[in-house]
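Numbering of residues begins at 1 and proceeds along the displayed sequence.
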Amino acid sequence: KKISPKGEGKYVPRISLTGGPCGGKSSSMNHLKEAMVKIGYDVYFVPEVPTILMNGGCQYPGADGGKALEEFEDALMALQLQMERSFVQIASSTGHPSVVVYDRGLMDIKAYLPPQLWNELLVRMNTSEKELLGRYDAVVHLVTAANGAEKFYTLKQAGGESTRSETAEQARALDDKILDCWKGHPHHIVVGNDSSFEGKLEAATKQVVDAVKALEAE
């Protein structure tokens with residue numbers, strides 16, 4: 001189910017930026033904003049919800065966290081659902097051409113949960129993978145630097161604050177898990193590390209711009 005169906009006010013394209021740790025999401029957002037503003041779009045960025053929680057003092061209970069993990073993931077999904085709705089509602093209300101970009105989408109949660117707990121979460125939240133995938137018009141996966149650009153892999157994040165702790169090996173494994181989570185999306189775009197970092201940012205931006213233009217042409 002789409003958040004802001006066409007025909008109900010100004011339709012707002014929704015793009016999820018995802019990928020393993022140190023893939024370039026933060027840098028990509030700045031690059032993307034500049035390009036979208038040049039072609040007349042307002043750009044809204046929905047911040048990464050787990051980072052909001054953990055920077056506020058919440059602790060991730062871990063994959064074997066039991067009931068505490070259930071509560072954490074329930075709260076995370078509920079907050080992200082509301083943030084997505086709020087950003088799209090505000091963007092749509094302006095009447096200006098706009099795009100909403102999410103720093104990770106709801107399917108990313110699956111990568112951090114055992115399969116049984118993920119399925120139980122879907123039941124508790126009264127949703128499905130098909131419904132979650134349908135919330136996004138395109139998904140751009142920025143491959144972790146730990147896969148193909150190892151010398152640039154770092155635990156530091158743009159902006160200074162960091163909740164990143166994965167080794168390069170763990171980052172590659174997580175990147176693969178996230179790829180698998182989104183494989184059912186019809187517009188799942190993977191941007192690797194086979195060029196310079198600037199080339200990677202340009203490739204990611206081009207994919208988003210092309211996706212938004214295609215929606216506008218429908």
Treating Ile, Leu, Val, Met, Phe, Trp and Tyr as nodes and any side-chain heavy-atom pair under 4.5 angstrom as an edge, say whether [X] and [Y] lie in one connected cluster.
X: V209; Y: V212; answer: yes
X: V43; Y: V100; answer: no
X: L174; Y: V143; answer: no
X: L79; Y: Y102; answer: yes
X: Y41; Y: I15; answer: yes

Any chance CD of E198 has more than 12 other-residue heavy atoms, nucleotides or ligands included, within less than 6.0 Å?
-> yes
Does Q82 CD have over 12 foreign heavy atoms under 6.0 Å away?
-> yes
Quick one: do Q89 and S93 satisfy side-chain hydrogen bond (donor to acceptor under 3.5 Å, both in side chains)? Show the steps, please.
-> CA-CA 6 Å; Q89 180 178 349; S93 73; over 6 Å; no
Side chains of [X] and [Y]: closer than 4.5 Å at any heavy-atom pair?
X: V139; Y: H187; result: no
X: V101; Y: K33; result: no
X: L17; Y: S28; result: yes
X: L117; Y: E73; result: no
X: L179; Y: V190; result: yes
X: L121; Y: M77; result: yes
X: V191; Y: H141; result: no
X: V140; Y: V208; result: yes

To the nearest 0.5 Å, how far apart are [atom1] in [X] and [atom2] in [Y]?
X: L132; Y: T127; atom1: CG; atom2: OG1; answer: 4.0 Å
X: L133; Y: K130; atom1: CG; atom2: NZ; answer: 10.5 Å
X: D103; Y: S26; atom1: CG; atom2: OG; answer: 6.0 Å
X: E48; Y: N55; atom1: CD; atom2: CG; answer: 9.5 Å
X: C22; Y: N147; atom1: SG; atom2: CG; answer: 12.0 Å
X: E70; Y: E120; atom1: CD; atom2: CD; answer: 6.0 Å

Heavy-atom pair of closest approach, residues [X] and [Y]:
X: Q80; Y: L106; result: NE2-N, 3.5 Å
X: Y44; Y: A91; result: CE1-CB, 3.5 Å
X: S98; Y: P13; result: O-CD, 3.1 Å
X: P50; Y: L76; result: CG-CD1, 3.6 Å
X: S195; Y: G199; result: OG-C, 3.5 Å
X: L142; Y: A204; result: CD2-CB, 3.7 Å

[X] side-chain N/O to [Y] backbone N/O, donor-acceptor pair under 3.5 Å:
X: D74; Y: R124; answer: no
X: T167; Y: Q170; answer: yes
X: T144; Y: G23; answer: no
X: S92; Y: V88; answer: no

Between K38 and E34, does a salt bridge (Lys or Arg N to Asp or Glu O under 4.0 Å) hold up when you go through it step by step?
-> CA-CA 6 Å; K38 280 183 180 178; E34 184 177 338; 3.8 Å; yes
Side chain to side chain contact (heavy atoms under 4.5 Å, CB included) between I52 and M83: does it pass, once the steps are laid out?
-> CA-CA 12 Å; I52 292 174; M83 286 182 64; 3.8 Å; yes
With the threshold set at 4.0 Å, does a side-chain nitrogen-carboxylate oxygen contact exist between R135 and E131?
-> no
Salt bridge E71-K67, side-chain N to carboxylate O under 4.0 Å = yes
According to the salt bridge (Lys or Arg N to Asp or Glu O under 4.0 Å) rule, which pairs have a member within residues 169-182, sequence neighbours left out?
-> D180-K183
Would you mind listing every ring pair (Phe, Tyr, Trp, His ring centres under 6.0 Å) that reaches into residues 56-88, with sequence neighbours excluded?
-> Y60-F72
Member of H188, R14, E84 meeting the side chain to side chain donor-acceptor pair (under 3.5 Å) criterion with Y136 | E84
Could you pull out every donor-acceptor pair under 3.5 Å between side chains of residues 107-115 and any protein atom, sequence neighbours left out?
| unit_1 | atom_1 | unit_2 | atom_2 | d |
| --- | --- | --- | --- | --- |
| D108 | OD1 | T18 | OG1 | 3.1 |
| D108 | OD1 | G105 | N | 3.3 |
| D108 | OD1 | W182 | NE1 | 2.9 |
| D108 | OD2 | T18 | OG1 | 2.6 |
| D108 | OD2 | R104 | NH1 | 2.7 |
| K110 | NZ | E129 | OE2 | 2.9 |

